[in-house]
Amino acid sequence: MTNLTIVMYHYVRPIKESKFPGIKGLELEGFKRQLDYLSENFSIVSTEDVVNATKYASSLPKDACWLTFDDGYKDHFEHVMPELLKRNLHGAFFPPRVAIEEDKVLDVNLIHHILSCADNVGKLVSSLNSHCIVHGISERELNDFYEKYAIPNRFDNADTIYVKRMLQHVLPEQLRNRIAHEMFQEFVGLSAAEFSSELYMSVEEVRELVRNGMYVGSHGSMHYWLDKITAEEQEKDIKESLKFLDSVGASTKDWVMCYPYGAHNDDTIELLKSFEAALGITTEVRVANLTSDNPFKLPRLDTNDFPQ
Ligand SMILES: [Zn+2]
């Protein structure tokens, strides 16, 4: 049995002193303590180690642990990489192409920042619903959506999940994007375009990660829920993300796919195999077992599952 603990990170920054003290993320000091904890209790392995263990059955050290960082935040360049380098540790980074190459903010990040700036989520639900009504959605449809999607999970209450799901995938793409931008302006008071360069790494910073020996893999081009688009659309998205990897000096052989939101289907896995990917990582919550797990469906734990 080859256990591998894969840890997933998103925001890592000095949150309390930041412009968005309400954002849900990991405090930099907590990250440093967590690296100490993980280094003491696990062997931190590189992406190459994990690929070799899965593809070529080479062995991993006991209590192997692989650190993964999603979404291409500037945090990863400014705070994470220096800490990893200081400790001679390796991390795997998964920036979505659109966030790095274009002046856009991912819907998921618009939503996090809207949530972090609202003093109560009830206000967000009413704002969201009024935007929907203006755009021709009936109250009855909204009630049905609430009933179907407002299901609390281990991190968020029902209202929060409702706002997230509506803006992540329930509403049609153009409409949800428009409403997310309107609500961002309303609750955060910034335009998304000016916010984008603060939030994400630049292309040059991603190259710098690669030059410093960090792994950079695919998190898609547009950060889509891949299971909600056609196989042709998935193929286009994956190809674009590979072109991006190539442009920043990252390898496109035996590469790693980190599915946005963990979402994928059989088509995705077939495509990954045809594009010479080695691994796919999800958001299923448990320790991976490289002997029995499908290498394209590896589960991860969250930073919140460990002491900080
Ligand atoms: Zn993501």
Side-chain angles (χ1 to χ4, degrees), residues 8-28 30 70-75 79 96 98-99 103-200 223 225 260-262 283 302-304 308:
M8 168 173 69
Y9 293 91
H10 289 91
Y11 305 109
V12 180
R13 57 174 77 156
I15 298 173
K16 278 195 214 96
E17 297 99 82
S18 75
K19 262 209 248 177
F20 300 99
I23 200 86
K24 281 195 180 174
L26 177 56
E27 280 288 353
L28 178 56
D70 291 19
D71 293 340
Y73 301 123
K74 205 173 267 294
D75 296 358
H79 307 302
V98 65
D103 228 9
K104 299 226 168 85
V105 179
L106 301 179
D107 286 356
V108 60
N109 297 134
L110 292 175
I111 299 164
H112 289 155
H113 288 80
I114 293 168
L115 287 165
S116 82
C117 287
D119 39 21
N120 87 63
V121 67
K123 277 192 198 160
L124 294 180
V125 172
S126 7
S127 164
L128 170 63
N129 286 347
S130 11
H131 281 291
C132 288
I133 286 167
V134 171
H135 292 288
I137 295 172
S138 69
E139 296 217 11
R140 189 180 164 164
E141 282 173 288
L142 291 174
N143 285 336
D144 290 347
F145 285 147
Y146 193 90
E147 212 163 283
K148 184 161 174 201
Y149 296 106
I151 299 157
N153 66 19
R154 62 193 192 125
F155 300 125
D156 294 313
N157 65 24
D159 279 354
T160 305
I161 289 289
Y162 172 71
V163 173
K164 283 188 170 176
R165 294 295 175 262
M166 288 290 280
L167 294 176
Q168 283 169 342
H169 64 77
V170 175
L171 297 171
E173 185 179 354
Q174 283 191 342
L175 178 59
R176 65 179 191 247
N177 189 266
R178 185 165 165 186
I179 294 179
H181 278 84
E182 286 166 356
M183 289 178 70
F184 187 82
Q185 188 73 260
E186 180 181 339
F187 288 93
V188 182
L190 275 178
S191 85
E194 55 188 328
F195 182 50
S196 171
S197 55
E198 275 179 42
L199 183 62
Y200 305 110
H223 203 259
W225 294 69
Y261 313 98
T283 51
D302 189 82
T303 170
N304 291 309
Q308 292 169 358

| task | Considering non-hydrogen atoms only, spot the tightest contact between P14 and L28 and give its length. | result | N-CB, 3.9 Å

| query | Between F195 and H113, does the ring centroid distance fall short of 6.0 Å? | reply | yes

| field | Any N153 side-chain heavy atom under 4.5 Å of D156 side chain | value | yes

| remark: Rounded to the nearest 0.5 angstrom, the OG1-NE2 distance for T303 and H10 is 11.0 Å

| remark: For C132 and M166 the tightest heavy-atom approach is SG-CE, 4.1 Å

| query | Counting only N and O atoms by type, is there a donor-acceptor contact under 3.5 Å from the side chain of R176 to the main-chain atoms of L171? | reply | yes

| field | Exercise: identify the closest heavy-atom pair between P96 and L106 | value | CG-CD1, 3.7 Å

| query | Roughly how far, to the nearest 0.5 Å, is the CD atom of Q185 from the CD atom of E182? | reply | 9.5 Å

| K24 side chain to F155 backbone, donor-acceptor under 3.5 Å | yes

| message | Under the criterion side chain to side chain contact (heavy atoms under 4.5 Å, CB included), I'd like the reasoning laid out for F20 against I15: C-alpha separation, chi angles, the key distance, then a yes or no. | response | CA-CA 7 Å; F20 300 99; I15 298 173; over 6 Å; no

| message | So Y11 and L199, do their side chains get closer than 4.5 Å, heavy atoms only? | response | yes

| Y261-H169 aromatic ring centre distance below 6.0 Å | no

| said: Could you measure the distance from the CG atom of N109 to the CD1 atom of I114? Nearest 0.5 Å is fine. | reply: 10.5 Å

| remark: What one should report as the nearest heavy-atom pair of S197 and K74 is O-CE, 3.1 Å

| Distance-minimising heavy-atom pair for Y162 and L142 | OH-CD2, 3.7 Å

| said: Within the 4.5 Å heavy-atom criterion, are E27 and Q308 side-chain neighbours or not? | reply: no

| query | If you measure from CG on N129 to CD on E141, what distance do you get to the nearest 0.5 Å? | reply | 11.5 Å

| Would you say the side-chain atoms of D107 and H223 include a donor-acceptor pair closer than 3.5 Å? | no

| What's the verdict on side chain to side chain donor-acceptor pair (under 3.5 Å) for Y146 and D159, showing C-alpha distance, side-chain angles and the deciding distance? | CA-CA 8 Å; Y146 193 90; D159 279 354; 2.5 Å; yes

| task | Would you give the length of the straight line joining atom OG1 of T160 to atom CG of L124, rounded to the nearest 0.5 angstrom? | result | 8.0 Å

| field | Backbone N/O of N304 and side chain of D302: donor-acceptor pair under 3.5 Å | value | yes

| query | Where do V163 and L128 come nearest, in terms of heavy atoms and distance? | reply | CA-CD2, 3.9 Å

| said: When you measure from the side chain of S196 to the backbone of A192, do you find a donor-acceptor pair of N or O atoms at a distance under 3.5 Å? | reply: no

| query | Given side chains that start at C-beta, do those of H135 and R178 come closer than 4.5 Å, heavy atoms only? | reply | yes

| message | I need the F187 CZ to S116 OG distance, nearest 0.5 Å. | response | 11.5 Å

| query | Heavy-atom distance under 4.5 Å between the side chains of I137 and L175, does that happen here? | reply | yes

| field | L115 vs K164, side chain to side chain contact (heavy atoms under 4.5 Å, CB included): CA-CA, chis, key distance, verdict | value | CA-CA 9 Å; L115 287 165; K164 283 188 170 176; 3.8 Å; yes

